[in-house]
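First up is the structure itself, then whatever we jot down about it.
The sequence lines fix the lettering, A, B, ..., with proteins before strands; numbering per chain opens at 1.
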Protein chains: 2
Amino acid sequence: MSEMQLRDALDSLKGTGVRITPQRHAILEFLVGSMSHPTADDIYKALEGKFPNMSVATVYNNLRVFREVGLVKELTYGDSSSRFDFVTTDHYHAICQECGKIVDFHYPGLDEVEHLASHVTGFRVNNHRMEVYGVCQDCGTKKEAH
Amino acid sequence: MSEMQLRDALDSLKGTGVRITPQRHAILEFLVGSMSHPTADDIYKALEGKFPNMSVATVYNNLRVFREVGLVKELTYGDSSSRFDFVTTDHYHAICQECGKIVDFHYPGLDEVEHLASHVTGFRVNNHRMEVYGVCQDCGTKKEAH
DNA sequence: ACACTATTTATAAAGATTATAAAGAAAGAC
DNA sequence: GTCTTTCTTTATAATCTTTATAAATAGTGT
């Protein structure tokens, strides 16, 4: 299943004339297999074993390439580093304010918001982003216990 | 009108035991009067005339204080620096992908999304954030002309 | 005006991301 | 398979934003 996602992603890259390097392959593979919305540094560290000589710049460069092609979304969360999310189906994020965990959830049709925004602001609207902030179950129960 | 907002904000600060310094007064005043969602550096530069000796750290420190008290919201937009928004009524942002302009718009009741997210993820949800991305009128017409 | 404590300032440090230039490797042509 | 061109990687330095630190300064209540 994620095999196919990876293959599609690679095809999509080829289609836009982006070369497939071992590093790109590995970064994409990691992103597809990862449920944890990793930071650039997470990816760098995760691939240290396979590519002892890989530069951080390579990770950043390729994440930018993937983002430009539309394979990956960049999530900027408050103070710390950006997190990267392999684009599959449309979904939103719930972010825990205690531990930083990010959990996906689906919600139908916020297209209406885009239309209204477009009407009110005069923008040609391309897309939107939404996040819900709160405290996850783990952190919630951790606090109750005293 | 923004006079009153400023006065309310100052009262609110006093109420929580935060001292009113000239710098804080000026930063708040600037935020209330500003429609442009400035960065910390914008604020620093804008107040350079009035406070030639003010430190950047002061701006950051106070923006943090204001955020903790709930007077100000921090917006993290993509690659560059955070932007700060004086909290008035609830509203969302439309962001131009060409020039970075941020325009406010109102939309009623996305509480439903919070409820669903809470139900699906098990989070105790506190708040949410939504942004619409696109191209503003200025940038749109600029491109048509050739 | 005094005293107590929070705040400011100046500076340095940390952390994330990008720029640069030389070395290396994909992909298509032959 | 080899060549050649061009893109990519690497290593390093630089940049930019934000925070930490410690001494000097200034609010606030009495």
Side-chain angles (χ1 to χ4, degrees), chain A residues 9-30 37-69 71-84 100, chain B residues 9-30 37-69 71-84 100:
Chain A
L10 291 172
D11 286 351
S12 159
L13 278 183
K14 258 188 190 160
T16 55
V18 175
R19 291 184 185 167
I20 313 294
T21 67
Q23 292 89 337
R24 283 185 178 153
H25 192 119
I27 294 174
L28 266 184
E29 191 174 23
F30 182 76
H37 311 82
T39 65
D41 198 56
D42 291 340
I43 299 171
Y44 177 62
K45 289 212 172 67
L47 300 181
E48 224 168 21
K50 237 187 246 175
F51 298 89
N53 293 325
M54 186 168 62
S55 169
V56 220
T58 299
V59 177
Y60 279 101
N61 284 340
N62 289 328
L63 287 172
R64 175 153 33 84
V65 170
F66 298 159
R67 188 190 51 199
E68 284 168 0
V69 175
L71 285 177
V72 159
K73 268 198 183 161
E74 181 173 358
L75 315 170
T76 58
Y77 170 52
D79 331 5
S80 55
S81 356
S82 288
R83 288 157 168 282
F84 295 87
Chain B
L10 291 172
D11 286 352
S12 158
L13 278 183
K14 257 189 189 158
T16 55
V18 174
R19 292 185 184 166
I20 313 294
T21 67
Q23 293 89 338
R24 283 185 179 153
H25 191 118
I27 294 173
L28 267 183
E29 192 174 21
F30 182 76
H37 310 81
T39 65
D41 199 56
D42 290 339
I43 299 172
Y44 178 61
K45 289 213 172 67
L47 301 181
E48 223 167 23
K50 238 187 244 174
F51 299 89
N53 293 326
M54 185 167 62
S55 168
V56 220
T58 300
V59 177
Y60 280 101
N61 285 340
N62 289 327
L63 287 172
R64 174 152 35 85
V65 170
F66 297 159
R67 189 189 51 198
E68 284 168 0
V69 175
L71 284 176
V72 158
K73 267 198 182 159
E74 182 172 358
L75 314 170
T76 58
Y77 170 51
D79 331 5
S80 55
S81 359
S82 288
R83 290 158 168 281
F84 295 88

Next item on the list: Return the value, rounded to whole Å, for the distance between atom CD of A:E48 and atom P of D:dT10.
Entry: 12 Å

Check: Rounded to the Å, how far apart are B:K50 NZ and C:dT8 C1'?
Finding: 17 Å

Notebook entry, point to check: Which is true for B:V18 with a 4.0 Å heavy-atom rule: it touches a base, it touches only sugar-phosphate, or it touches nothing?
Noted result: sugar-phosphate

Checklist line | Separation of atom CG in A:L13 from atom P in D:dC7, rounded to whole Å | finding: 16 Å

Next item on the list: Return the minimal non-hydrogen interatomic distance between A:R19 and A:R24, and the atom names on each side.
Entry: O-NH1, 2.8 Å

Margin query: Checking contacts here: which listed nucleotide (C:dA16, D:dA20, D:dT17) is nearest the side-chain heavy atoms of B:A57?
Written below: D:dA20

Next item on the list: Could you check A:D42 against A:T39 for side chain to side chain donor-acceptor pair (under 3.5 Å), going step by step and ending with a plain yes or no?
Entry: CA-CA 5 Å; A:D42 291 340; A:T39 65; 3.2 Å; yes

Margin query: So, does A:S55 get its side chain near the phosphate of D:dT12, meaning an N or O under 4.0 Å from OP1 or OP2?
Written below: no

Notebook entry, point to check: Where is the tightest heavy-atom contact between B:L13 and B:V69, given as atom of each residue plus distance?
Noted result: CD2-CG2, 4.2 Å

Margin query: What is the distance, to the nearest angstrom, from the CZ atom on B:F84 to the C1' atom on D:dT17?
Written below: 10 Å

Checklist line | Between P of D:dT5 and CZ of A:R19, the distance in whole Å | finding: 13 Å

Notebook entry, point to check: How close or far is atom C1' of C:dA16 from atom CD of A:E74, stated in whole angstroms?
Noted result: 11 Å

Margin query: Strictly below 4.0 Å: does B:S82 bring a side-chain N or O up to OP1 or OP2 of D:dT18?
Written below: yes

Note to self: How close do A:T58 and A:I27 get, counting heavy atoms only, and between which atoms?
What the structure shows: O-CD1, 4.4 Å

Next item on the list: Would you please confirm or rule out a distance under 4.0 Å between OP1 or OP2 of C:dT17 and any side-chain N or O of A:Y60?
Entry: yes

Note to self: Once you apply a heavy-atom cut-off of 4.0 Å, does A:N62 come out as touching a base, just sugar-phosphate, or nothing?
What the structure shows: sugar-phosphate

Note to self: Starting the side chain at C-beta, find the nucleotide from D:dA11, C:dA25, C:dA10 nearest to B:N53.
What the structure shows: C:dA10

Notebook entry, point to check: Quick one: CD on A:Q23 to CG on A:L28, what's the gap to the nearest 0.5 Å?
Noted result: 12.0 Å

Next item on the list: Check DNA chain C against residues 20-28 of chain B and give the residues with a non-hydrogen atom under 4.0 Å, in numerical order.
Entry: B:T21, B:Q23, B:R24

Margin query: If you assign B:K14 and B:T39 each to the DNA chain D nucleotide with the nearest heavy atom, which residue ends up on the more 5' nucleotide?
Written below: B:T39

Check: What are the two closest non-hydrogen atoms of A:V59 and A:A40, and how far apart are they?
Finding: CG1-O, 3.5 Å

Margin query: Could you tell me if A:E74 and A:S82 have a donor-acceptor pair between their side chains, going purely by distance under 3.5 Å?
Written below: yes

Notebook entry, point to check: What is the distance, rounded to the nearest whole Å, between atom CG of A:N61 and atom P of D:dT12?
Noted result: 17 Å

Checklist line | Distance in angstrom units between A:L75 CG and C:dA16 P, rounded | finding: 16 Å

